[in-house]
Amino acid sequence: MSLSVESPVQIAWVTHDLDATENALTGLLGVKKWIRMPEVHFAPDTCSYYGKPADFVASISLSYLGDMQLELIQPVRGPNIYSDFLRDCGPGLHHICVEADNAERFAAMVAAAAEHGATVAQQGVMPGGMRFAYVSAPHAGVPFIEIAHIGDEVRQFFNYIKQEQR
């Protein structure tokens, strides 16, 4: 089975400095407003990092460019793929996100990625019920693709952020 997904719904960067990256992308892309979620805790009962329970914190900033969500991630503490990326590559473009329209499709997409040689680097459930899995195939030059299933509560929040761009 192939992933056979729709167009990506998000582009994400990892940074040491949310302010600097927000300012740069505002100037370069004309983003109007960023919404910050400071120090989001990803707990071991809901997240894993290379198959083991994860416990880390990251600050996140979100905006939209049309229908494309822009995400900025600044790791704060604990082992995670964002800190790894900063250590190994420095700040920059980190992943694109594709969306599964239901929980079954999410599971099928993650399984298909593994069948095609991708590693599930990090996965879990965010507050509000959004499921996510980061798959990677670094041997083929693919750092990360995020697969997400977005629940109603998170969808409403994303719609609010999108409306703030008007």
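A quick note: this is a predicted structure, and the numbers were derived from the prediction, not measured.
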Evaluation steps, ring-ring contact (aromatic ring centres under 6.0 Å, His included), between Y82 and Y134: CA-CA 11 Å; Y82 318 119; Y134 289 92; 5.8 Å; yes
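- Evaluation of the side-chain contact (heavy atoms from CB on, under 4.5 Å) rule for T119 yields Y50, S136 as partners, not counting sequence neighbours.
- Smallest separation of non-hydrogen atoms from A148 and F106: C-CD1, 4.0 Å.
- Counting heavy atoms from C-beta on, the side chains of V31 and E22 never come closer than 4.5 Å.
- Annotation: side chain of M126 is in contact with side chain of F42 (closest heavy-atom distance under 4.5 Å).
- If you chain together hydrophobic residues whose side chains sit under 4.5 Å apart, M130 and I35 fall into the same group.
- Note that the CE atom of M68 and the OG atom of S7 stand 7.5 Å from one another [nearest 0.5 Å].
- Residues L86 and Q74 are not in side-chain contact: their nearest non-hydrogen atoms beyond the backbone lie 4.5 Å or more apart.
- Contact of the L25 side chain with the L72 side chain is registered, since non-hydrogen atoms from C-beta on lie closer than 4.5 Å.
- Taking OG of S61 as the reference point, atom NZ of K33 lies at 11.0 Å (rounded to 0.5 Å).
- Residue pairs meeting the side chain to side chain donor-acceptor pair (under 3.5 Å) criterion with at least one member in residues 141-152, sequence neighbours excluded: H95-E146.
- In terms of heavy atoms, P53 sits closest to P44 at CB-CB, 3.6 Å.
- Two residues are said to be in side-chain contact when any heavy atoms from C-beta on lie closer than 4.5 Å; I81 and F85 fail this criterion.
- Once rounded to the nearest 0.5 Å, the distance linking CD1 of I150 with CG of N102 reads 12.5 Å.
- Put simply, the side chain of F158 does not reach to within 4.5 Å of the side chain of V9, judged on heavy atoms.
- For G78 against S83, the heavy-atom pair with the smallest separation is O-OG, 4.0 Å.
- Contact detail for S63 and I161: the closest heavy-atom pair is CA-CG2, 3.9 Å.
- The two residues C47 and V125 make their nearest non-hydrogen contact at SG-N, 4.5 Å.
- The shortest distance between side-chain heavy atoms of I11 and L65 does not fall below 4.5 Å.
- Between D19 and R36, some side-chain heavy-atom pair lies under the 4.5 Å cut-off.
- Here the options are Q163, Q165, Q69, the test is side-chain hydrogen bond (donor to acceptor under 3.5 Å, both in side chains), and the partner is Y64; only Q69 passes.
- The CZ atom of R105 sits 11.5 Å away from the CD atom of E99 when rounded to the nearest 0.5 Å.
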Step-by-step side-chain contact (heavy atoms from CB on, under 4.5 Å) determination, V135 to Q123: CA-CA 9 Å; V135 297; Q123 64 181 325; over 6 Å; no
Stepwise side-chain contact (heavy atoms from CB on, under 4.5 Å) check, F56 with Q122: CA-CA 11 Å; F56 66 93; Q122 190 167 278; 3.5 Å; yes
side-chain contact (heavy atoms from CB on, under 4.5 Å) between L18 and W34, worked out: CA-CA 10 Å; L18 287 177; W34 293 90; over 6 Å; no
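- For the pair V154 and G128, the tightest heavy-atom approach, listed with the atom from each and the gap, is CG2-O, 3.5 Å.
- In this structure, CD1 in I73 is found 6.0 Å from CD1 in I60, a value given to the nearest 0.5 Å.
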